[in-house]
Amino acid sequence: MSPIMPAFPAHSGVLELAGAALAAGAVRGVLVPMRAPGGSRAWSLVTDPAMLDRADPLPPAMTVHGSRALASFARSPEGGTLLAILRPCEARAAVELARLGQIDLANVILMTMDCPGSVPLDTHRADREAAPDPADPSTLRSLCAQCQAFAGEGDLCATGPSGSLHALTAGGRAFLEKLGIEPADGPPPMERYAVLAAERGRRAAEDRILLRSEYGGLAGLVRLFSGCIGCRTCRTVCPICYCRLCFIDMKDRRTPAEELLARSGRNGAVRLPPDTLLFHVGRMAHMSLSCVSCGLCEDACPADIPVGRMMSMVSEGTTGLFGYRAGSAPGEPLPLNTFLKDELHEFED
Amino acid sequence: MTMAGNCPRTGVFVCGCGPNIAGQLDIESVAAAAAGLDGVVLAETWGLLCSPDGKRHLADRIRESGLERVVIAACSPRDHEKTFQDVCAGAGLNPFMMEMANIREHVAWVTRDRTEATAKAVRIVTGAVLRSAALRPLEQTGIVAEPAVAVVGAGIAGMAAALILAEEGRRVTVLDRSTEAGGAAVLAGNPLAVELRDRFLAEPGITFLPGTEPAEVPGFFGNFLLRPRSATGELFPIVRVGAILLATGCVRDAEGSCHPAEGFAVLAEMLRVETGDGGFPSRRHAFLDPVSTPVSGVLVAGGAGGPCSIGSAVMSAGAAAGTILSTLVAGREMETEPRTSVISEILCAGCRTCMTVCAYAAVSYDAERGICTVNAVLCKGCGNCAAACPSGAIRAKHYMPDQIRRQVAGVLA
């Protein structure tokens with residue numbers, strides 16, 4: 001791994017902390033990826049400190065989003081205190097899901113480590129140990145290569161080559177206090193990553209210029225999504241998509257035959273099943289404010305459509321409108337639920 | 001524009017509204033265009049449909065032609081929806097099978113060009129006709145009005161009103177933040193106020209809850225569900241009352257200007273009463289009805305409505321009590337809104353977004369099942385929750401997706 005993010009002594013340090021917390025009874029469980037049979041990794045709820053030997057806190061690939069694993073456990077505070085060891089984008093998604101009423105974070109400590117990124121699933125299938133190199137975008141998934149928020153999230157973060165432990169919230173501080181651990185002074189020092197973040201910012205901006213020129217406008221979007229096979233995998237793997245039944249699948253919004261004939265009549269033909277574009281644009285409308293740019297949708301797309309980069313680009317625009325950032329402060333209200341008399345004047349006549 | 005399915009027998013009535021609509025657009029053309037739509041068996045114009053003659057004519061047509069749907073192209077439903085619903089009900093048609101197309105406020109009053117206005121009216125009427133085919137009958141239900149009254153504030157006005165109400169046999173619950181009854185007048189040592197306080201405390205029909213304030217007040221005229229709370233946050237059992245009298249008084253600041261009592265803004269918001277001048281509640285009419293707020297069943301007496309003398313406070317208390325006694329009649333049936341929202345238990349993800357947008361406190365969260373539910377008696381059918389639900393789990397009964405889609409298709413046809 002490159003010297004930008006040296007092999008992490010915190011790996012063992014973080015697991016040591018988790019083991020100590022379990023042994024001391026400060027938490028009832030630890031959520032962490034574990035090595036599974038066949039060389040893959042799986043999110044696991046660990047209660048026996050001895051099992052942490054098999055944990056792999058920053059696995060090379062992202063298979064299931066950590067926030068999704070967390071949401072399957074922490075729907076209410078009843079489960080007791082849990083320490084969740086996550087990537088920064090997973091911690092932000094967890095906070096966003098809490099705002100959306102899908103996770104209860106009252107008894108959850110979110111702990112993150114500096115994330116080197118993930119290798120594409122294709123790479124991972126070929127070689128379970130192929131590791132991401134944060135300095136070499138060719139080893140990373142496309143959205144990881146653009147990610148600038150790869151450190152310093154959650155209640156606690158272990159950061160830098162020495163793995164210094166910082167408490168970012170009162171909950172994080174209280175947790176460390178319970179274990180008799182003194183957190184490092186001050187906020188996590190992010191300057192060391194400034195060059196890498198700036199480079200990735202430039203890459204994202206260039207990529208977005210390209211996407212806009214290729215796929216801008218209705219005709220561009222039709223071309224972009226024409227290869228969609230309608231598998232809905234992008235929706236299935238998305239950590240934020242939480243509806244129990246997607247709007248696109250609801251029976252009472254099925255398009256009647258008469259309407260399809262009318263649409264066909266306009267251009268001479270209509271694509272069936274209908275509403276491919278509606279599905280993707282609908283997803284952008286529904287999810288872009290809460291998107292944490294984790295990139296799972298794009299990595300999973302069997303048709304190689306840049307759904308993640310598109311969503312991330314749209315998200316930059318929509319969140320910018322409201323000065324919002326998905327998964328930042330937990331108490332902050334959702335912009336679409338907040339009525340302000342004085343906003344969005346740029347859209348007035 | 002055609003739509004599949006059996007088209008119900010539909011009558012379209014285009015109202016001229018005197019010269020209001022007829023003067024701005026060609027209502028004959030609108031009726032002629034409507035006559036060509038599927039299911040329309042009758043499309044005609046009328047000078048003033050809300051007049052007694054117009055209503056009689058409408059009822060006759062519904063009966064003669066066996067109409068299953070009625071589309072009224074006229075004014076805003078805010079003005080005459082109820083009028084025409086009643087006509088339909090009288091003629092044996094479920095009132096929710098009537099759809100209004102607002103071609104007065106939305107067209108005649110805002111679109112200058114006669115040709116454009118006529119074309120716009122045709123689109124709006126087409127949308128209404130297509131939507132009306134998908135309407136489903138809804139049943140009007142009611143609940144019996146609660147004659148009991150809550151008074152907030154046990155000062156001179158609150159005590160005077162409570163005594164009048166109690167002497168007429170009404171159960172009265174009086175809340176006051178202070179632990180003593182009497183308010184400013186008793187503190188000032190006014191002997192009449194002291195005497196009033198003693199009668200107030202001795203009156204068996206009055207339940208006085210010292211040191212309390214309303215924590216929440218969902219409901220409406222005839223059926224408010226008031227939950228008192230103590231200063232320490234302790235909640236008391238819900239009190240069901242038909243009307244609420246605000247007698248919270250006012251205070252004078254160091255500069256000599258008067259403000260409503262502390263916490264009044266919160267109380268006003270809870271009751272959806274708008275406040276105007278200096279934070280005092282707005283009234284139905286400054287001279288003709290100074291004790292009624294625009295919210296039915298919420299009244300104001302004494303200093304809560306603005307600074308006043310002890311004499312005026314007692315007089316306004318009498319007026320407010322009289323208004324309550326004459327309008328809130330025991331045993332009277334109050335109509336509830338049939339166009340409520342319903343939440344699908346299967347689709348609800350329990351995110352509680354609906355609760356943040358409901359202005360009527362009609363949605364609550366069931367922690368055990370992890371879903372939200374609508375109290376149909378409190379729901380006013382505004383549709384906020386249905387629009388806000390990220391999961392599409394909420395349906396507004398009178399604005400179902402097929403009804404909306406057909407209307408949009410009709411307007412765009």
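Throughout, protein chains are lettered first and strands after them, A, B, ... in sequence-line order, and every chain is numbered starting at 1.
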(request) Please check if atom CD1 in B:Ile346 has more than 12 non-hydrogen atoms from other residues, nucleotides or ligands closer than 6.0 Å. (result) no
(request) Could you pull out the closest heavy-atom pair between A:Arg244 and B:Ile371, with the gap in Å? (result) NH1-CG2, 4.5 Å
(message) Just checking A:Glu343: does its CD atom have more than 12 heavy atoms from other residues, nucleotides or ligands closer to it than 6.0 angstrom?
(response) yes
(request) Starting at CG of A:Leu97, measure out to SG of B:Cys351 and round the result to the nearest 0.5 Å. (result) 11.5 Å
(message) Please find the pair of heavy atoms, one from A:Cys243 and one from B:Pro390, that lie closest to each other, and give the distance.
(response) SG-O, 3.3 Å
(request) For A:Met250 and B:Arg395, work out which heavy atoms get closest and say how close. (result) SD-NH2, 3.5 Å
(request) State whether the number of non-hydrogen atoms from other residues, nucleotides or ligands found under 6.0 Å of B:Glu269 atom CD is greater than 12. (result) no
(request) Would you check if the side chain of A:Gln102 reaches a backbone N or O of B:Ala349 as a donor-acceptor pair within less than 3.5 Å? (result) yes
(message) Surrounding CZ of B:Arg227 (heavy atoms of other residues, nucleotides or ligands, distance under 6.0 Å), is the total greater than 12?
(response) yes
(message) Given heavy-atom pairs under 4.5 angstrom as the criterion, report whether the side chain, backbone, both or neither of A:Leu245 touches chain B.
(response) both
(message) Within this structure, what is the OG1-CG distance for the pair B:Thr356 and A:Leu334, rounded to the nearest 0.5 Å?
(response) 8.5 Å
(message) Counting neighbours of CD on B:Glu368 that are heavy atoms of other residues, nucleotides or ligands and sit closer than 6.0 Å, is the number greater than 12?
(response) no
(request) Could you look at A:Arg99 and say if it's the side chain, the backbone, both or neither that has a heavy atom under 4.5 Å from chain B? (result) neither
(message) Are more than 12 heavy atoms, taken from residues, nucleotides or ligands other than A:Arg254, located less than 6.0 Å from that residue's CZ atom?
(response) no
(request) Would you give the length of the straight line joining atom CG of A:Leu100 to atom OG1 of B:Thr353, rounded to the nearest 0.5 angstrom? (result) 7.0 Å
(request) Could you tell me which portion of A:Tyr242 (side chain, backbone, both or neither) has an atom closer than 4.5 angstrom to a non-hydrogen atom of chain B? (result) both
(request) Under 4.5 Å, counting heavy-atom pairs only, tell me which of B:Ala393, B:Pro401, B:Ser344, B:Gly370 racks up the most with chain A. (result) B:Pro401
